[in-house]
Amino acid sequence: GETHARLTALIRSDGTRQVAAAAVRDRLFTMQATAGTPIGQVIATLRKSGIRIGIEGRTDEELAPLLQQTVEFDLVKSPGSEFFPHIFRNWPVDVDVLTNGVVLKFPAP
């Protein structure tokens with residue numbers, strides 16, 4: 001009945017969307033951060049452009065000082081699989097670049 005039709009519609013629209021937007025790890029990123037740019041600002045900019053960035057293993061309070069850390073990079077047409085690990089190279093995290101976003105995993109203290 002109706003539920004089945006709705007499921008089919010959802011599956012169909014999802015399929016189309018995935019084709020339209022390449023997986024984050026395959027997408028090419030061009031971004032420059034001049035010396036002194038807080039990494040928190042980089043994360044905010046990426047999120048604004050529609051990239052989902054999840055951070056696991058730290059509270060907001062614990063993250064605050066890390067977000068103030070500054071980064072400097074100039075990357076041109078860098079695939080997501082290399083782009084994100086490069087940006088977060090100074091953080092003690094595992095960077096998982098997924099189809100629809102990025103997850104930063106801090107090891108348990």
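Fair warning: this is a prediction, and the values are worked out from it, not measured in the lab.
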Please list, chain by chain and in numerical order, all residues satisfying side chain to side chain contact (heavy atoms under 4.5 Å, CB included) with Asp26, sequence neighbours excluded. Ala23
Does Phe73 have any ring pair (Phe, Tyr, Trp, His ring centres under 6.0 Å) partners at least two apart in sequence or in another chain, and if so, which? none
Can you run down the ring-ring contact (aromatic ring centres under 6.0 Å, His included) pairs that involve residues 89-109, sequence neighbours left out, and say none if there aren't any? Phe88-Trp91, Trp91-Phe106
Could you pull out every donor-acceptor pair under 3.5 Å between side chains of residues 35-43 and any protein atom, sequence neighbours left out?
{"unit_1": "Thr37", "atom_1": "OG1", "unit_2": "Thr34", "atom_2": "N", "d": "3.3"}
{"unit_1": "Thr37", "atom_1": "OG1", "unit_2": "Thr34", "atom_2": "O", "d": "2.6"}

Could you give all pairs that pass the ring-ring contact (aromatic ring centres under 6.0 Å, His included) test and reach residues 30-52, with sequence neighbours left out? none
Members besides Val103 in its Ile/Leu/Val/Met/Phe/Trp/Tyr cluster (side-chain heavy atoms under 4.5 Å): Leu98
For Asn90, which residues count as a side chain to side chain donor-acceptor pair (under 3.5 Å) partner, sequence neighbours excluded? none
Applying salt bridge (Lys or Arg N to Asp or Glu O under 4.0 Å), which residue pairs with at least one partner in residues 52-67 are found, sequence neighbours left out? none
Only distances under 3.5 Å count here; give the side-chain donor-acceptor pairs of residues 75-82 to other protein atoms, sequence neighbours excluded, each with its distance to 0.1 Å.
{"unit_1": "Ser78", "atom_1": "OG", "unit_2": "Phe83", "atom_2": "N", "d": "3.4"}

Taking the side chain from Arg89 and the backbone from His86, do they hold a donor-acceptor pair closer than 3.5 Å? yes
Enter the distance from Leu104:CG to Leu63:CG here, rounded to the nearest 0.5 Å. 9.0 Å
What pairs meet the ring-ring contact (aromatic ring centres under 6.0 Å, His included) rule with one or both residues in residues 30-58, with sequence neighbours excluded? none
Leu67 side, atom CG; Gln69 side, atom CD - distance, nearest 0.5 Å: 9.0 Å
Taking the side chain as every heavy atom from C-beta outward, state whether Asp74 and Met31 have any pair of such atoms under 4.5 Å apart. no
Residues which pass side chain to side chain contact (heavy atoms under 4.5 Å, CB included) with Lys48, listed by chain and number, not counting sequence neighbours: none
Can you name the nearest heavy-atom pair linking Val24 to Phe84, along with the distance? CG1-CE1, 3.7 Å
Sequence neighbours excluded, every pair satisfying salt bridge (Lys or Arg N to Asp or Glu O under 4.0 Å) that has a member inside residues 93-107: Asp96-Lys105
